[in-house]
Amino acid sequence: QINMMAVSRRRSFHGVKTDSSTVVVRSRWGKLRHEVYLTLNEPSYSRLAMVVSNLIMVAIFISTVAFILGSYPDLADSHILKVLEVVVVILFTVEYGLRFAVYE
């Protein structure tokens, strides 16, 4: 009986195959991973997903403009551009880390 419970628990985390589709029952961590995955990869999934998508696009634009402006000799040592670079790198690192952690 104990072995059967272990098998049924294992199946509940990974899903049960049927003839036409796969029914997936996820653990709490699995549900959270799936929610974060959809939030990062599907802008139409929720309002938060749309905000995240737009935030990343704006960060890409700001990073590009800051890089171009940094190529001008007068602005090469600008404190504002250096702060923008640090903020954008942190944002991109967090996004990349989250994508790596929740990849399905």
Side-chain angles (χ1 to χ4, degrees):
Q1 176 120 14
I2 294 172
N3 288 338
M4 198 58 180
M5 289 177 68
V7 169
S8 67
R9 283 185 187 159
R10 213 175 306 136
R11 282 188 186 154
S12 71
F13 286 99
H14 298 293
V16 178
K17 283 211 175 223
T18 61
D19 292 343
S20 61
S21 66
T22 301
V23 178
V24 178
V25 179
R26 292 186 161 96
S27 65
R28 287 183 187 168
W29 169 241
K31 288 178 184 178
L32 178 63
R33 280 183 62 209
H34 189 67
E35 292 286 324
V36 174
Y37 176 83
L38 289 175
T39 300
L40 293 173
N41 293 300
E42 282 296 324
S44 62
Y45 174 67
S46 67
R47 186 171 285 176
L48 176 61
M50 183 63 72
V51 169
V52 168
S53 177
N54 288 332
L55 178 67
I56 296 300
M57 284 192 297
V58 168
I60 292 169
F61 178 76
I62 288 172
S63 176
T64 304
V65 170
F67 179 78
I68 292 169
L69 291 176
S71 68
Y72 288 103
D74 296 342
L75 298 174
D77 294 330
S78 173
H79 179 70
I80 293 173
L81 292 179
K82 289 179 182 179
V83 169
L84 279 175
E85 180 181 0
V86 169
V87 169
V88 169
V89 166
I90 290 170
L91 178 66
F92 289 158
T93 303
V94 168
E95 182 211 9
Y96 185 76
L98 281 173
R99 286 182 185 274
F100 186 75
V102 301
Y103 178 75
E104 294 184 343

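Keep in mind the model is a prediction, meaning the values are calculated, not measured. Only heavy atoms go into these numbers, but all of them, side chains included; no hydrogens, no water, no symmetry mates.
- For CD of Glu95, the number of neighbouring non-hydrogen atoms (other residues, nucleotides, ligands) closer than 6.0 Å is greater than 12.
- For the pair Leu40 and Arg99, the tightest heavy-atom approach, listed with the atom from each and the gap, is O-NH2, 3.0 Å.
- The closest side-chain heavy-atom distance from Ile56 to Leu91 is below 4.5 Å.
- For the residue pair Leu75 and Leu69, the shortest heavy atom distance occurs at CB-O, 3.4 Å.
- The line from CG of Leu48 to CG of Leu55 is 10.0 Å long, rounded to the nearest 0.5 Å.
- When the side chains of ILVMFWY residues are joined at heavy-atom separations under 4.5 Å, either directly or via intervening members, Ile60 and Val89 end up in two distinct hydrophobic clusters.
- Annotation: side chain of Val86 is not in contact with side chain of Lys82 (no heavy-atom distance under 4.5 Å).
- Among all heavy-atom pairs drawn from Ala101 and Arg33, the shortest one is O-NE, 3.6 Å.
- Summarising the local packing, CZ of Phe67 is surrounded by 12 or fewer heavy atoms from other residues, nucleotides or ligands at distances under 6.0 Å.
- Between the side chain of Thr39 and the backbone N or O of Glu35 there is at least one donor-acceptor pair closer than 3.5 Å.
- Following chains of ILVMFWY side-chain contacts shorter than 4.5 Å, one can reach Trp29 starting from Val36, so the two form part of one hydrophobic cluster.
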Could you walk me through whether Arg28 and Leu32 pass the side chain to side chain contact (heavy atoms under 4.5 Å, CB included) test, one step at a time? CA-CA 6 Å; Arg28 287 183 187 168; Leu32 178 63; over 6 Å; no
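- Residues Met57 and Ile90 fall into different hydrophobic clusters, defined by Ile, Leu, Val, Met, Phe, Trp and Tyr side chains chained together at heavy-atom separations under 4.5 Å.
- Cluster annotation: Tyr103 and Leu38 are assigned to distinct hydrophobic clusters (Ile/Leu/Val/Met/Phe/Trp/Tyr, side-chain heavy-atom contacts under 4.5 Å, transitive).
- Follow the hydrophobic side-chain contacts under 4.5 Å out from Leu81 and you reach Phe61 in the same cluster.
- Ser53 places no side-chain N or O within 3.5 Å of a backbone atom of Ala49 that could act as its donor or acceptor partner.
- Note that the CE atom of Met50 and the OH atom of Tyr45 stand 14.0 Å from one another [nearest 0.5 Å].
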